[in-house]
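Before any comments, here is the structure.
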Amino acid sequence: MGKKVLIVDDTAFMRMTLRNVLEKNGYEIVGEAEDGVQAVEQYSLVNPDLVTMDITMPNMDGITAIKKIMEIDPVAKVVVVSAMGQKALVIEALNSGAKDFIVKPFQPDRIVEALQKVGG
Amino acid sequence: MDAIVKNKNDAETQIVAFKLEEEEFAINIHHVREVLKMTQVTPLPQSAYFIEGVINLRGEVMPVIDLRKRFELDVGERGEDTRIIIVEIQENKVGLIVDSVTEVLRLSSTEIQPPPSKIAGTRTDFIKGVGKIDDRLLIILDMDKILTTEEVISMEEITLSEQEKIGTQT
Amino acid sequence: MEEYRDLFLAEAQEYLQDMTSSLLSMEKNTDDEQLTEMFRAAHSLKGMAGTMGYGLIADVTHEMESLLDQLRTGKVTIDTGFVNMLFEAVDLVQLLVENLDRQDDFHSEAVAVLEKLRDWQARPLQEKSAASADASPKQDRRLPEEKTPAQLDWKSAINEFEKELLKDALSKGERIYHVYVRLLHGSLLKSVRSYMVLRAVEKQGEVIKSVPSLQALDEENFGWEFSLLVTGSLEPGALKKSIENIAEIESASVTPVELDSLPESRVAEPYSGKKPEKTATSSLETQTPSLPGRRVEKTVRVETAKLDGLVNLVGELIINRTRVIDLGKETDDEQLVTSLEQLQRITTELQSAVMTLRMVPIKQVFDRFPRMIRDLSLEKNKEVELLISGEETELDRTIVNQMGDPLVHLLRNAVDHGLEDAEERIKKGKNPVGKIFLEAHHEGSHVVVSVRDDGRGMDPQAIKERALMKKIISEQEAEKMSDEEALHLIFRGGFSTSEKITDVSGRGVGMDVVKTSIEALNGTVEIKNYPGKGSRFTLRFPLTLAIIRALMVKCGKEIYAIPIEAIRENLFVEPQEIKTIRQGKVITLREEVLPLYSLQESLGMGSFQEQEIYSVVIIQTGEERAGFIVDDLLGQQEVVIKSLGNYVNDIKGIAGATVLGDGRVTLILDVASLLDDGRVNLGKKSVNC
């Protein structure tokens with residue numbers, strides 16, 4: 001059984017891309033969330049092994065969502081999927097508990113590598 | 001004004017009626033953006049004879065045409081009633097100087113007759129139709145054609161053709 | 001998808017440009033930096049194309065990347081054939097990027113290029129081993145580790161103070177370690193990667209020194225590797241593992257260092273007592289905003305339409321400001337007057353700030369020329385060196401976008417007609433390599449761009465003959481024509497459309513088009529000829545198009561605006577100074593005879609009126625000069641250029657209109673066409689005495 005992943009991103013295109021890549025590499029997608037609020041809700045519901053987290057999203061941004069998730073589960077493994085040029089935000093996300101990050105537009109092998117390094 | 005109340009059937013055309021000399025003309029309201037009082041016009045050198053110049057409409061520079069000149073009439077006095085009708089045709093905004101704007105009317109399809117058939121010496125291609133309300137006659141102009149040709153159009157030609165039309169009918 | 005597409009397009013163009021420049025310099029001399037740059041560009045483009053699903057682009061860039069990798073490892077060598085092939089690949093990718101919706105149309109081209117790229121890779125490999133010949137797109141993103149840690153010269157960079165810190169650490173029983181980190185090629189946000197590494201390191205020790213500096217790491221001024229000098233009692237294996245567990249870290253090594261092995265510092269820096277560099281984490285943290293959502297990006301992409309909207313609004317604001325200020329002049333209210341002055345100052349600043357938003361460096365056009373000249377020189381078999389300077393000069397985006405074509409034509413001409421071939425140059429005692437200088441600089445409110453070559457120069461006699469042959473001028477005209485005037489004949493319609501269309505300068509576009517397109521940008525062009533030594537074309541453009549300075553002149557009842565850049569001078573002329581030559585009026589100004597026209601007459605707004613003294617404005621476009629009589633000069637003013645609309649465009653002599661402070665419309669004169677027109681009307685051109 002592959003690791004369970006929750007995909008958080010406000011664009012359907014990105015969610016789809018991530019799902020394709022991860023499923024091809026043996027991950028099981030247990031949920032998708034369009035914003036931070038949904039991400040936090042889903043996290044406690046589906047209890048994933050890994051989370052991919054977009055930063056800029058409506059309603060609740062990724063950084064706030066990471067903080068909330070870390071409150072629920074201090075050992076949560078969140079990998080930030082950021083857009084280019086979001087240096088400060090990525091650093092803040094890392095300081096908020098994210099384990100690693102990759103930059104969009106990403107190469108499939110890079111996201112897989114990041115997830116492997118973070119959570120096996 | 002009774003005409004508006006009476007004719008509420010579906011095939012109505014809304015028009016803006018205006019005067020040049022003693023003739024009454026009209027333009028489909030669809031083309032009309034607004035009506036202004038006469039304002040300062042900057043002459044435009046080396047342009048067509050009927051182009052009066054350009055005006056400033058809230059920062060936008062817009063050419064204006066003197067319809068009297070366009071129809072080969074003497075340029076009359078501009079007075080209190082003189083108006084500039086801003087029309088938009090094929091994405092170009094142009095002002096038309098007229099003696100006065102009389103009213104906005106709705107005409108039912110029965111009140112509009114097609115342009116008179118071509119008779120030698122008359123010009124009907126600039127006319128969309130003739131509106132007839134009681135004993136008033138409104139010549140509905142085809143602004144598209146009038147603005148896109150540089151040809152001389154004389155008022156007599158237009159009105160003559162219209163009178164012939166009326167003549168043949170009665 | 002759409003939002004990524006725009007980003008993709010913009011970045012793909014940047015990467016393509018990077019690849020082109022790298023290739024050009026690699027051709028001259030292969031250095032690792034260029035190679036890395038090119039590699040990075042190909043790699044990034046591949047990644048982006050892959051994400052976006054543009055398979056052909058991904059395939060081609062993948063093969064380019066593999067080939068470049070082989071170059072790095074010395075498996076292939078660089079020569080013109082190699083560079084040409086890579087250019088072919090760059091061109092194809094350019095084509096694919098420009099036609100994202102029609103990828104399939106280019107399938108066969110792509111296959112051909114892919115085959116070439118693969119053949120090249122296979123060539124040297126056959127001689128060696130076939131082991132790593134696999135070039136399938138899914139494999140091997142990483143580079144072989146050919147660079148050793150020693151290549152980062154961290155040892156000699158250690159200063160006295162850092163040495164003290166190291167000694168201090170040793171005295172506390174700690175050890176010194178050299179941590180060397182390699183990132184995967186094409187990693188993005190490298191600064192944050194290095195931040196993660198520093199964070200991991202600082203859990204166990206203290207970072208004394210970083211090569212490149214911490215600042216360079218933070219600003220992403222480094223390649224794919226960096227070194228840290230760390231003190232502490234740490235577990236090398238565990239640290240290596242924790243660093244390598246960070247995404248996109250290719251490898252890390254942690255090796256103990258003996259203090260003795262460090263060289264004496266060359267530059268003895270005085271011991272200041274202060275810590276020179278704070279430790280890494282804190283230095284980065286100071287830049288980390290505490291509020292979520294705040295951004296520190298240096299640039300923002302804005303749609304040009306929004307920008308233009310803003311510029312228009314500011315134009316409106318300026319018009320209204322002038323109106324308000326005029327009204328203010330009628331009052332004695334001091335507070336109002338002071339506020340209005342304030343308003344004037346702020347709006348002027350706002351205007352110039354907004355105008356700079358439209359400014360872009362001229363580099364954007366210049367960048368494509370080195371490649372073009374290279375191809376031309378190969379094609380024409382002439383050795384050419386293009387020397388560019390002033391590419392950072394900024395001017396209005398619209399002008400930058402539109403000046404490309406005229407410049408292309410001038411450069412092509414320089415290669416085709418200006419420069420001699422090597423044989424001829426040697427005979428003349430010149431360097432066999434021809435030089436073309438492309439230069440840009442600011443000059444007041446203008447940008448001057450010049451194209452100069454050190455070729456044979458122009459032959460006025462030959463130009464005259466050609467103009468005669470083409471029936472552009474008559475025999476009589478040719479006789480009277482000065483050499484300088486003859487040079488300008490090349491701008492006449494029909495002059496340069498040659499019957500044999502050479503691939504270089506032909507293409508059916510003549511120099512007349514060059515002149516027209518320059519003038520359409522309110523620009524001018526001048527020619528300087530140095531027979532036997534070359535020629536120079538100097539183009540002059542206004543910095544911006546939307547707002548210009550103009551001289552307001554009164555003429556009859558009307559006021560007209562004349563763009564300042566077209567005005568040479570204003571003067572008063574007495575009736576007896578005006579002479580008549582062949583029905584035309586002329587005046588003599590500093591021994592130069594200039595035609596004199598009445599502006600009112602030229603515009604067809606009235607006829608010449610005798611006066612006791614005439615106000616004359618001397619107007620110049622290019623080399624053409626003439627005087628225009630006006631009724632009065634009203635002073636200079638900034639005006640916002642407005643179009644007359646489609647219904648009455650293309651009126652001779654009128655470039656547009658502007659709205660004055662009092663709301664009335666004033667026409668802006670098109671000086672170039674007035675000068676032409678004046679000539680046509682009077683059936684003659686300026687006369688030499």
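Every chain is numbered from 1 and lettered A, B, ... according to where its sequence line falls, protein lines coming before strand lines. Since this is a predicted model, take the numbers as computed values, not measurements.
- In this structure, CE on B:M62 lies 11.5 Å from CG on C:L644, to the nearest 0.5 angstrom.
- Contacts of B:L57 with chain C are absent, with no heavy-atom separation under 4.5 Å from either backbone or side chain.
- Between B:Q40 atom CD and C:R664 atom CZ the span is 5.0 Å, to the nearest 0.5 Å.
- With B:P45 as reference, C:L603 is the one residue of C:L669, C:L603, C:L599 to meet the side-chain contact (heavy atoms from CB on, under 4.5 Å) rule.
- Note: B:T42 OG1 to C:E558 CD = 5.5 Å, rounded to the nearest 0.5 Å.
- Residues B:V54 and C:L667 form a side-chain contact, since some pair of their non-hydrogen atoms from C-beta on lies under 4.5 Å apart.
- B:P43 and C:M605 get closest at one heavy-atom pair: CB-CE, 3.6 Å.
- Using a 4.5 Å cut-off between heavy atoms, B:I89 makes no contact with chain C at all.
- The 12-atom threshold is not exceeded at CD of B:E80, counting heavy atoms of other residues, nucleotides or ligands nearer than 6.0 Å.
- Here the shortest heavy-atom pairing between B:N56 and C:V665 reads N-CG2, 3.4 Å.
- In the displayed structure, C:D632 atom CG is contacted under 6.0 Å by more than 12 heavy atoms of other residues, nucleotides or ligands.
- For residues 33-44 of chain B, every residue pair satisfying the salt bridge (Lys or Arg N to Asp or Glu O under 4.0 Å) rule, not counting sequence neighbours, is listed here: B:R33-B:E88, B:E34-B:R58.
- With a 4.5 Å cut-off on non-hydrogen atoms, C:I654 touches chain B through its side chain but not through its backbone.
- With sequence neighbours excluded, no residue satisfies ring-ring contact (aromatic ring centres under 6.0 Å, His included) with C:Y560.
- Atom NZ of C:K554 has 12 or fewer heavy atoms from other residues, nucleotides or ligands within 6.0 Å.
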